Amino acid sequence: MGKIGFKMKQLPFMGVICIVMLFIVYRTTIYQYHKTEMEMKLYRFEMVKDYQQPSGKLRSLPRGIMQVRSDLEIRPLWMSSSSRQASVNMNKNLLAMPVGIMQKENVDNVVQKFLAANFTIILFHYDGNVDGWWDLDWGDKAIHVVAHNQTKWWFAKRFLHPNVVSIYDYIFLWDEDLGVDHFDPKRYLQIVKTAGLEISQPALDPDSTEIHHKITIRSRTKKLHRRVYELRGKTKCSKASEGPPCSGFVEGMAPVFTRSAWYCAWHLVQNDLVHGWGLDMKLGYCSQGVSSKKVGVIDSEYIVHKGIQSLGGSGYPATRTTVKRNGASGFDLRTEIRRQSTWELEVFKERWNRAVEEDKNWVDPFLRYQSRKKQTSTHLRS
């Protein structure tokens, strides 16, 4: 009886011990969670691992050594011991632009604004002239990629693979001839984040040249807009209009993508159709939700599209309009590019229609949303 009584007295004590141990385990787990979260913020790229089962080609490597992603951050050839121990301060946003030396002054203005906002800069040199940029203060701070006579979308498909740019929250894929006197990248991103936009663009000043769609024109009374109303002209946009170019639409000159939206858009860019015509009409499918809510134009941070050098986004200087081909007489480069772009547009449309027809399991999210919206409207009326 004495032993039983002693054991009965021990039970409350053991219960206290168990509670204390559970509390310690709980606190340790919380601490480790917050520590891991902090390390992810400080060493975002280094901590990224792909824990999926490796393919046969990778089975010779221990899983922990694999890094499936890359980035566009410049690394020093040597560091002091103190700088090695310091946390890595990596930029969270990326600006990518095709550039030619004839637009050097304008590109300088754009890059300086984005560097001040802690952006990583990558320049695609379509004219082959890289040496002409080293005299700028930031020349060695940018990534320079050279390929003669290639377009923005050609460069983007090859050098902005989702695994390479996945550490960046936002990817700005801009033309070189945009005036940024009224644009602030930080304020722009604040608006985009607050509005929950996955794909966006700055509004165009009404006095800009080469405005093709009214939805891109700046509204002086709004911070941002997602649709436009226009009952005149060829394209009529009313409250009932869904999809581009009335809602859920940005143009190809200055799109801004979240990481998730760019992952989708990169797969939409055709490897061999380099001018990108027709692509803007389908970007809404990459909005990670209802495009009329997730795609928008920012009015308070607007730009001026100068249109000085632009040839439909091709990246060729407009002043070089006549060249010789194979020693023959000169021909109009602008006309040839326009002809190629038009042909690519038709090919892109055909590929889209064929893909839709062949994929029996695919359901058009635009049509599904319109159907759901119509059913809701009918239910409310009844």
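Everything numeric in this text was worked out from a predicted model, so none of it was measured.
Using a 4.0 Å cut-off between charged nitrogen and carboxylate oxygen, Glu176 and Lys152 do not count as a salt-bridge pair. A salt bridge does not link Asp207 with Arg218: every distance from a Lys NZ or Arg NE/NH1/NH2 to an Asp or Glu carboxylate oxygen is 4.0 Å or more.
Closest approach of Gln150 and Tyr126 over heavy atoms only: O-CB, 3.3 Å. Ser200 and Leu197 make their closest contact through CB-CD1, 4.1 Å (heavy atoms, listed as atom of the first residue, atom of the second, distance). Minimum interatomic distance between Ile217 and His225 (heavy atoms only, all atoms of both residues): O-CE1, 3.5 Å. In this structure, Ser292 and Ser247 approach most closely via the heavy-atom pair CB-OG, 4.1 Å. In this structure, Gln288 and Cys264 approach most closely via the heavy-atom pair NE2-CB, 4.0 Å. Contact record, Glu301 with Asp184: OE1-N, 2.8 Å, taken as the closest heavy-atom pair.
Ring centroid separation for the pair Phe348 and Trp343 does not come in under the 6.0 Å cut-off.
Shown are Phe114, Tyr168, Tyr188, Tyr170; of these, the ring-ring contact (aromatic ring centres under 6.0 Å, His included) with Phe119 is made only by Phe114. Residue Glu230 forms a side chain to side chain donor-acceptor pair (under 3.5 Å) with just one option from His213, Lys214, Lys236, and that option is Lys214.
Once rounded to the nearest 0.5 Å, the distance linking CG of Asn93 with CG of Asn118 reads 9.0 Å. The distance from atom CD1 of Ile143 to atom CG of Leu123, rounded to the nearest 0.5 Å, is 9.5 Å.
In this pair, Phe183 and Phe172 present their aromatic rings perpendicular. The plane angle is above 60°, beyond the 30 to 60° band.
Taking 4.5 Å as the limit, every side-chain heavy atom of Ile298 sits out of range of all side-chain heavy atoms of Val256. Between Leu268 and Leu283, the closest side-chain pair of non-hydrogen atoms falls below 4.5 Å.
Donor-acceptor pairing under 3.5 Å is recorded for the side chains of Thr120 and Glu73. Inspection of the Gln340 and Glu336 side chains reveals no N or O donor paired with an N or O acceptor under 3.5 Å. One side chain, Glu198 or Thr258, offers a donor N or O that lies under 3.5 Å from an acceptor on the other. Side-chain contact, Asp108 with Gln112: a donor N or O sits under 3.5 Å from an acceptor N or O.
In the displayed structure, Lys223 atom NZ is contacted under 6.0 Å by at most 12 heavy atoms of other residues, nucleotides or ligands. Annotation: Asp137, atom CG; neighbour count of heavy atoms from other residues, nucleotides and ligands within 6.0 Å does not exceed 12.
Under the side chain to side chain contact (heavy atoms under 4.5 Å, CB included) criterion, Phe159 pairs with Phe124, Val145, Trp154, Phe155, sequence neighbours left out. Every residue was checked against the side chain to side chain donor-acceptor pair (under 3.5 Å) condition with Asp181, not counting sequence neighbours, and none meets it.
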Discussion item. Ile167 vs Arg69, test: side chain to side chain contact (heavy atoms under 4.5 Å, CB included). Steps then yes/no.
Written reply: CA-CA 8 Å; Ile167 70 164; Arg69 304 179 186 182; 5.6 Å; no

